[in-house]
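Just below is one structure, and these are the notes that go with it.
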Amino acid sequence: MFRTLSWDFLFHSFYPLPRSCDQRVRRHQTGHLRQNLSDMFYSFVGAMLTAAGEPSEAKSCDILQRQIWSILPGFCTRPTDLVESLRGIAKILGQALDERPDLQLDVMAALRALVLKNMENDVNRTEVAKYAKNYLPRLLQIYTTEATSDGSNQRLAALETVKIYLKITPQETIDELFEKVVEKLNGDESSQFLLQACVDVAAVLLPYVPIAKLDGVLAFCRTAWVSPDATLQKKGYRCFGELLLSDQEALQAYAAGHMDTFKTDFTQAYSETKPPAKAARLRCLSAMVKRSGLTDKSFLKVVFPEIVMCTKEISENARQSAFELVKEVGNILLSDSSRPEEENVAEYFELMLSGLAGTPDGVAASIVALSHAVYEFRDKLRKPMVDMLMDNMNVLLASNTRDIVTAIFGFFKVIFSRMADFELGPHVARLVKSVSGMEENFRRHFRVKIRDLFTVLIRKFGYTMIVELVPESDHKLINNIRKTQEREKRQKKEKRNDKKSIAGDGGGDGGEEDVDRKSRAGAASIGGRSRAETINDILDELASSDEDGGTVDDKRREKKKKGNVYITEEDDEEIVDFTDPKASQKISSTMPSKSKRKQLDVRVAPDGRIIIDAGGHDRDDDAASLSSRMSGVSLNDKKKGKNRSEDTDGDDDGSFGYQAGGSGIHRPLKSSRKEKPAKKVATGAEYRAKKAGGDVKLKGRPDPYAYIPLDLKSSNKRKKAKLVGQFKGFVKGAKKGAMKGSKDSKSRKRNFQT
């Protein structure tokens, strides 16, 4: 909107607004508050009006001046008169940075726009670069000052503005700032917060500093690596990472020349590393591993245990960096063309297998690393390596440490999803035996994981094979899994049939959609194995997919469908007003029912009575009936209650009265002398036998038929199977009793005839 506008337009168009505010203030201000509004950007109109007893006017003026400030970044997008006008506004911007914390974000956004939008214009870029010596110290002062609870945004914005402004800052200004930062780092009077802030500033300045001045910062980074302050450690590793990850040739040459020293200091600082600093340390380690490559395998073997241990870190960033390093080390070792591929694979997996002989935490971390290695390099694995991995996992499955057993179940999920059936078939019998032989307390704790594992085995190798391998005590579990899979498969088939029928009724678009879905499913699967993007997708797929080959993409589409939002509109002509406080009641996460609600016909009779017709009756008959009922009611009649009760009692269909019957609150009460007794409701209790169980026949009455009493619990889906079994038992017992009674009757007849 403000692109390629002139700043002269900004002054002439918006200057009268605060000028009118100035005139308004002068009519109310006192002597000690008198100030001259020399420009539109630096005014205290709100404070003056507040002191003058005009709070509403003060609020309006404060909003006005903030709105004027908010349009400043838009005018900094390629202004046409930057060279002529910047000299006049530069001082105002500097004063705002120093004295107006509420306007700092707008000023810093304007400075970033000035730099980024004028990089290609040499004249404008040179003009903006002249003021770097004025703005950079102010920005660094904002960042290195400990902010209050609401000032953290200003600090981050100031550091981001410094990063952008350094792209056009003259070298002498950068050198001067860097010397001051190093002086603060090495000073004894600097507080802990100031040291942490200065390390961040040094990391930002590092790519622009000459090589000769790097030693002081790197020396402080080495000191920060062993500091007891976890935050200072993390910032020290980040600053060191800027050197290793820089794409400048001078810094790369400097890092290559001092790499041996860096490796020595880096490995010595491992024991002092705090958990919050491990993610930043692993990023530095990744850069060092990539630079070393195959030239220094000894360094890879030294740092690989640290990488493996970080796969179990709490921090997600640390775990992700560790997983990437596991893959990177594998790529480096497997790229050695001087040896056979089998030897490279064996060397790589032996690095992780060596951790299985360590502490419980080390064993669990090694198994997690093995799982990711199998996922990434499954195509490189041969039968001897697979056999060795499965043998080790079966042995460790008898461990008494839950972390180890948890990692083993994760390994089984990954390897059974990524390897072919014929490669893992010989290990199924021993695996089932190991799982079934676990201690009872472990089986109880891992019952869900055991069930998931058996589900995968049944899906891959069939129910018949697995049920023969498991002991008899696990047959109930295996049968339950089979029934669950069959039920899910049947339900999915019914859903697909319903979708096809709906698509067929809708015009035949479902066929094209089904073909497109099948093509995507076929493209997402190779050799019967799903091509998931990450290992987390594999674990989710194994936990929720069934036998018909649902892919990860299908699961993602289902999740997207679950996140749909629907708007309920009762009338097609009226839209939902979202400004209404009750509009949230119209929002639903499920598809509203298409069936229209039963419309009520509300009419007003000539005498003022309201007639509501729920449908199914003739309007004229209802009106006539109601008129006849209300004809005897008079507003002046003292006995209107009596008339009403007589009319109600005289009604035979019971539409205007309630007849009590049953037990509890529905029991019939004692009727008064004036009221007629309520009709007796047949509940079936009269069929109950007094001296025996069951029901008896009554003369002149229909035979009893209610074998199972109605109960609200019958609608509970969780108890459906139990209730169905009970019903079958009742029916079977009734048939058995009827058969026995029939035989007894026949025998009595034969005895009577004889």
Answer yes or no: is there a side-chain heavy-atom contact under 4.5 Å between Val201 and Val162? no

Kindly indicate whether the side chain of Lys213, heavy atoms from C-beta on, has any atom under 4.5 Å from the side chain of Glu179. yes

Val181/Val217 under side chain to side chain contact (heavy atoms under 4.5 Å, CB included): CA gap, chis, key distance, verdict: CA-CA 9 Å; Val181 170; Val217 175; over 6 Å; no

Under 4.5 Å between any side-chain heavy atoms of Arg281 and Tyr270, yes or no? yes

Nearest non-hydrogen partners of Leu139 and Ala158, listed with the distance: O-CB, 3.6 Å

Determine yes or no for a side-chain-to-main-chain donor-acceptor pair under 3.5 angstrom, with Glu242 supplying the side chain and Pro207 the backbone. no

Step by step, would you call Leu82 with Val123 a side chain to side chain contact (heavy atoms under 4.5 Å, CB included)? CA-CA 9 Å; Leu82 186 144; Val123 177; over 6 Å; no

Carefully, step by step, assess Leu195 and Ser191 under the rule side chain to side chain contact (heavy atoms under 4.5 Å, CB included). CA-CA 6 Å; Leu195 287 177; Ser191 63; over 6 Å; no

Closest approach of Asp247 and Gln252, non-hydrogen atoms and distance? CA-NE2, 3.4 Å

If you define the side chain from C-beta out and look only at heavy atoms, does anything of Thr273 sit under 4.5 Å from Tyr237? yes

Taking 4.0 angstrom as the limit, do Lys274 and Asp229 come out as a salt bridge? no

Examine distances only and state if a side-chain atom of Ser286 and a backbone atom of Leu282 form a donor-acceptor pair shorter than 3.5 Å. no

Atom pair CH2 (Trp225) and SG (Cys284), whose distance is rounded to the nearest 0.5 Å: 7.0 Å

Residues Cys239 and Leu206: closest non-hydrogen pair is O-CD2, 3.5 Å

I would like to know whether Phe266 and Phe299 meet ring-ring contact (aromatic ring centres under 6.0 Å, His included); could you show each step before the answer? CA-CA 11 Å; Phe266 208 80; Phe299 178 70; 7.7 Å; no

One should read off an interatomic distance between Cys76 SG and Asp106 CG, to the nearest 0.5 angstrom, of 10.5 Å

Salt bridge (charged side-chain N to carboxylate O under 4.0 Å, His left out) assessment of Arg319 paired with Glu316: CA-CA 5 Å; Arg319 292 198 308 271; Glu316 183 179 356; 5.1 Å; no

Note, Pro275 side chain near Glu313 side chain (heavy atom, < 4.5 Å): yes

Verdict with supporting geometry, Leu285 and Leu325, side chain to side chain contact (heavy atoms under 4.5 Å, CB included): CA-CA 8 Å; Leu285 189 58; Leu325 267 172; 4.2 Å; yes

What ring-ring contact (aromatic ring centres under 6.0 Å, His included) pairs are there with at least one residue in residues 176-223, not counting sequence neighbours? none

Scanning both residues in full, the closest heavy-atom pair of Leu300 with Gly293 reads CD1-O, 4.0 Å

Considering only heavy atoms from C-beta outward, does the side chain of Thr161 approach that of Tyr135 to under 4.5 Å? no

Would you say that Leu159 contacts Met108 through its side chain, given a criterion of any heavy-atom pair below 4.5 Å between the two side chains? no

Has Glu172 got more than 12 heavy atoms of other residues, nucleotides or ligands less than 6.0 Å from its CD? yes

Show the nearest heavy-atom pair for residues Thr173 and Lys133, with the distance to one decimal. CG2-CA, 4.2 Å

Apply the test salt bridge (charged side-chain N to carboxylate O under 4.0 Å, His left out) to residues Glu146 and Arg155: give CA-CA distance (whole Å), side-chain angles for both, the deciding distance (0.1 Å), then the verdict. CA-CA 9 Å; Glu146 192 167 1; Arg155 293 187 66 247; over 6 Å; no

Should we count CD of Glu84 as having more than 12 external heavy atoms under 6.0 Å? yes

Rounded to the nearest 0.5 Å, what separation is found between the CG atom of Leu244 and the OH atom of Tyr254? 11.0 Å

Please name the pair of heavy atoms, one in Ser246 and one in Arg291, separated by the smallest distance, quoted to 0.1 Å. O-NH2, 4.3 Å

Which residue is it: Gln141, Arg138, Gln104? I am looking for the one with a side chain to side chain contact (heavy atoms under 4.5 Å, CB included) to Asp98. Arg138

Gap separating the CD atom of Glu328 from the CD1 atom of Ile307, nearest 0.5 angstrom: 9.5 Å

Backbone of Leu114 reached by a side-chain donor or acceptor of Asn118 within 3.5 Å: yes

Do Asp200 and Gln196 have side-chain N/O donor and acceptor atoms under 3.5 Å apart? no

Is there a side-chain contact between Leu251 and Ile211, using heavy atoms and a 4.5 Å cut-off? yes

Going by an N to O cut-off under 4.0 Å, is there a salt bridge joining Lys327 and Glu376? yes

If you round to the nearest 0.5 Å, how far is NE2 of His258 from CG of Asp215? 6.0 Å

Expected output: side-chain Thr311 to main-chain Val308 donor-acceptor under 3.5 Å: yes

Strictly by modelled atom types, are Arg283 and Ser321 linked by a side-chain donor-acceptor pair under 3.5 Å? no

Quick one: NZ on Lys167 to OG1 on Thr169, what's the gap to the nearest 0.5 Å? 11.0 Å

Is it the case that the side chain of Gln233 and the backbone of Ser227 share a donor-acceptor pair, with hydrogens and angles ignored and the cut-off at 3.5 Å? yes

